[in-house]
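A short write-up of the structure that comes next.
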Amino acid sequence: MNPTTLILLLLCIALAGHYVSQKLLLKKGWESDDPKRIVNRLMMNGAVLIFIAIAALLMADPPYGLFGILIFIEGAVSVTFGRKLSKK
């Protein structure tokens, strides 16, 4: 198996796991009386992922562009969860 394919597969699995954990945090925040701590965590996770995605996209060597796009999407989802929870 090509090392790039293996890395992409592992990244997809890691991002799927991260998505599930963020979804559980969102659920926990909806059930909480004061979700401020959870909102901060979701926003921080999203900001870190977006920073990593931008760094991967700046490298611009294949396959880092694809990695950066996937990580950027996950970061945007995390920030969206935080914004949705903050409007509660």
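Fair warning: this is a prediction, and the values are worked out from it, not measured in the lab.
For the residue pair Glu74 and Leu15, the shortest heavy atom distance occurs at OE1-O, 3.6 Å. The minimum heavy-atom distance linking Ala56 with Gly68 is given by the pair CB-CA, 3.8 Å.
The hydrophobic clustering, which links ILVMFWY residues whose side-chain heavy atoms are closer than 4.5 Å, places Leu66 and Phe51 apart.
At least one side-chain heavy atom of Phe67 sits under 4.5 Å from a side-chain heavy atom of Leu8. The side-chain heavy atoms of Phe81 and Leu25, taken from C-beta on, include no pair separated by under 4.5 Å. Contact of the Ile50 side chain with the Ile71 side chain is not registered, since no non-hydrogen atoms from C-beta on lie closer than 4.5 Å.
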The test is side chain to side chain contact (heavy atoms under 4.5 Å, CB included); show your working for Leu49 and Phe72 and say whether it passes. CA-CA 6 Å; Leu49 285 175; Phe72 186 82; over 6 Å; no
With a cut-off of 3.5 Å and sequence neighbours excluded, list every side-chain donor-acceptor pair involving residues 26-44.
residue	atom	partner	partner atom	Å
Ser32	OG	Asp34	N	3.3
Ser32	OG	Asp34	O	3.3
Asn40	ND2	Lys36	O	3.4

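Annotation: the span from Thr5 atom OG1 to Leu9 atom CG amounts to 8.5 Å, rounded to 0.5 Å. Between the CG atom of Leu57 and the CD1 atom of Ile52 there is a distance of 12.0 Å, given to the nearest 0.5 Å. For the atom pair CD1 (Ile73) and OG1 (Thr80), the distance works out to 11.5 Å, reported to the nearest 0.5 Å.
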